[in-house]
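Comments concern the structure below.
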Amino acid sequence: MNLEQILTPQVIAAVKELYGVDATDQQIQWQKTRAEFEGDITLVVFPFVKLARKAPQAVAQEIGDKLMADGTGLVAKCNAVQGFLNLCIDQSYYINQLKAIAADEHYGHFPYPNAKCKNGKCKNDQMLMMVEYSSPNTNKPLHLGHVRNNLLGYSIAKIQEANGWKVVKTNIVNDRGIHICKSMLAWLKFGNGETPESSGKKGDHLIGDYYVRFDKEYKAQIAGLMAEGMDEETAKKEAPLIKEAQEMLRRWEANDPEVRSLWAKMNEWVYAGFDETYKQMGVSFDKIYYESNTYLEGKAEVEKGLAAGQFYRREDGSVWADLSKDGLDEKLLLRADGTSVYMTQDIGTAKLRFQDYPIDKMVYVVGNEQEYHFKVLSILLDRLGFPFGKELVHFSYGMVELPNGKMKSREGTVVDADDLMAKMIEDAKEISKDKVNTLQGITEEETNEIARKVGLGALKYFILKVDPRKNMLFNPEESIDFNGNTGPFIQYTYARIRSVLRKAVSASTLSGEAGLSLDPKELALIRRLMDYPSVVRQAGEEFSPAVVCNYAYALACDFNSFYHDCSILNEPDENKRALRLLISQTTARTIADAMSLLGIEVPERM
RNA sequence: GGUCCGGUAGCUCAGCUGGAUAGAGCAACAGCCUUCUAAGCUGUGGGUCGCGGGUUCGAAUCCCGCCCGGAUCACCA
């Protein structure tokens, strides 16, 4: 039970006694006391001013006097400034809270709050949330946009786990379609049998190169045709290359063995490349789906819906859903030639997933450009009887933009994920060269490991600290910071604490704390630590790793300030020293936990 | 045009379930290492919170209108 929960009923009682009115929970507003006033927590008394028909200051004073006279001794002092009642809480309360936090192995995590209730009877099963993220196309390597997606998806999964959900991380790989045929065709025509082994290229990069090559050759053909007098639109349709690619797609759909085997081979190259990237990024999946396996399932679902009268068929044979009752348009589900569209595939994927897992909540981590798609998908899944359809979450995030606009794969204006991670690790290593005194006696391997954690930490924090909904800017010309409000700053704080704890000879236990008086910096830290569970809760409700970032930063700031002012190991009073060690240890643990929710590792030294 | 999202310091971003004088970091400048890691700490300067109305004791925050930027409204994914 936190401070507000303890104090709120006391305030309600005080207001009742003083003014004979029943105050509602909503009228009780707490906020942190501003630094310039004395106190730990502040009650806003404006809501009671009318009831009391007195000046705000007088009301605040009256309530404050009542709280102090309650006999518990919790409120040690108070002062009233206008309509704000600042309360000083007895220090023993904080010390007890600190001990409780230190003793709680899973502090900030909520084990099973989401008990599944059926027929009013709770079976205490854990609710299952499936989180889809990454969802790459197999025709090009991952870029910075994917990095944001992956980091957000992974972090959200961790955050929801901390909030008590059973989370299944999933990936839907878009492995079929015209895009991969383009790469395949270009490889056949211009590849001379190049393989990842023969060229030493990562498989996804190799395929990406041929995708770019296709586009280049295709554009040349279009230009050629236009020079012969054809208009642009016709030229785009008539260029031999695009026709060949389309023909290849037809052969793929017809299960042509030759095309299928090439397709399988090239996709394997891509997956090997993706696996490397995912591993370096530190993300993982519990279950991977492939569109080549789900799109037929989608067609079947649509046919079923059609038979059930949910959808209708037009004269040309195409199948549509009428969403006008939901305030939307009509939406195509199957083309006249019977082939499926994006929506059909997503329905099929949902079907398979629901067969595989008892999904209570489905979360799609997909860019905000697809908001309309998911609005439609939600309605369609609901109509088709999927329990999670209506309440599906499209975790919609903003684009990563470069100084000159959006990234475009075909135009080569992308920031490659592998390159970027390598660059960050390299930068981290460069910076660590100046730290010879703190990193002396460490093996080359350890140094590399620290650089990896720190470099990736800088990148991840840089991306995750921004509100996911917002577009964010990345300037490749300016390197990502390692100072200030950054991942490395927080990692550094952790490493500092670990260093102190290593040097602490014995873990003396805290006793006889009655006589202890808390330093303001100690108090601030304990209060910050107390906030952690509500931060985890909020991050889960809002689907926002940024909330966790802000907290981790604030916690690190509080610690550094404390560290600067208060000596830990050199504190002569044994009891005080024990308290500070306990604060330090709890802070380190909380930093590490918060960072783990972000998918960021913390080094023991740096 | 309809719908959705954003506009806060020179730059990158917090704050947005209404609360006291709008916060960080970067960049600039000035201090702090014989003492637990200086990737740190302390300080200075920097703002019509896009604009205009409204709601109220109180608005960056809520409501309405407008301006600017982005996304979306495909037999693309």
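So that the names make sense, note that chain A is the first sequence line, chain B the second, and so on, each numbered from 1.
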Donor-acceptor pair present, A:Thr42 side chain and B:A20 base, under 3.5 Å: yes
Whole-Å distance separating the CG atom of A:Asn475 from the C1' atom of B:C26: 13 Å
Charged N-O contact under 4.0 Å between A:Lys460 and A:Glu601: no
Value in whole Å for how far the C1' atom of B:C16 lies from CD of A:Glu541: 16 Å
Close N/O contacts between protein and nucleotides 7-13 of chain B (under 3.5 Å):
{"unit_1": "B:G7", "atom_1": "OP1", "unit_2": "A:Lys470", "atom_2": "NZ", "d": "3.3"}
{"unit_1": "B:C13", "atom_1": "OP1", "unit_2": "A:Leu473", "atom_2": "N", "d": "2.9"}

Sugar-phosphate, base or nothing in reach of A:Arg34, heavy atoms under 4.0 Å: base
Please tabulate, one pair per line, each protein N/O and nucleotide N/O from nucleotides 42-44 of chain B that are separated by under 3.5 Å, including the distance.
none

Distance between C1' atoms of B:G58 and B:U37 (Å, rounded): 47 Å
For B:C4, the Watson-Crick or wobble partner whose two distances fall under 3.5 Å: B:G70
Sugar-phosphate, base or nothing in reach of A:Val49, heavy atoms under 4.0 Å: nothing
Gap between atoms CE and P, on A:Met343 and B:A77 respectively (whole Å): 11 Å
A:Tyr372 side-chain N/O to B:U72 phosphate OP1/OP2 under 4.0 Å: no
Side chain to side chain contact (heavy atoms under 4.5 Å, CB included) evaluation trace for A:Met343 with A:Leu380: CA-CA 9 Å; A:Met343 189 64 72; A:Leu380 292 178; 3.6 Å; yes
Mutual orientation of the aromatic rings belonging to A:Trp263 and A:Trp252 [parallel < 30°, tilted 30-60°, perpendicular > 60°]: perpendicular
A:Leu555, A:Asn560, A:Thr587 screened by side-chain contact (heavy atoms from CB on, under 4.5 Å) with A:Thr493, the one that passes: A:Asn560
Pair A:Glu401 + A:Lys406: basic N to acidic O under 4.0 Å: no
Rounded interatomic separation in angstrom, taking CD from A:Gln82 and C1' from B:A20: 6 Å
Footprint string (nucleotides 54-61 of chain B, 5' to 3'): B base within contact, S backbone only, - free, heavy atoms under 4.0 Å: ---B----
Criterion ring pair (Phe, Tyr, Trp, His ring centres under 6.0 Å) on A:Tyr211 and A:His179, from CA distance to verdict: CA-CA 8 Å; A:Tyr211 185 67; A:His179 60 271; 7.4 Å; no
Sugar-phosphate only, base, or nothing, as touched by A:Asn86 at under 4.0 Å among non-hydrogen atoms: base
Nearest-Å distance for atom pair CZ/P, residues A:Phe48 and B:G19: 16 Å
Phosphate contact (B:G6 OP1 or OP2) by A:Arg469 side-chain N/O below 4.0 Å: yes
Rounded distance in Å - OH (A:Tyr492) to C1' (B:A38): 6 Å
Shortest side-chain distance from A:Tyr553, nucleotide among B:A71, B:G25, B:A38: B:G25
Nearest-Å distance for atom pair CD/P, residues A:Glu522 and B:C36: 19 Å
Distance-only donor-acceptor test, A:Asp346 side-chain atoms vs B:A77 base atoms, 3.5 Å: no
Nearest-angstrom distance from the residue atom CD of A:Glu371 to P of B:C5: 8 Å
Main-chain N/O of A:Ile568 paired with A:Glu571 side-chain donor or acceptor, under 3.5 Å: no
Verify stack between A:Phe489 ring and B:G40 base, 5.5 Å, 30 degrees: no
Touch class at under 4.0 angstrom, heavy-atom based, for A:Gln31 against every strand present: base
Base of B:C26 paired with side chain of A:Asn483 (donor-acceptor, under 3.5 Å): no
Centroid-centroid under 6.0 Å between A:Tyr364 and A:Phe395 rings: no
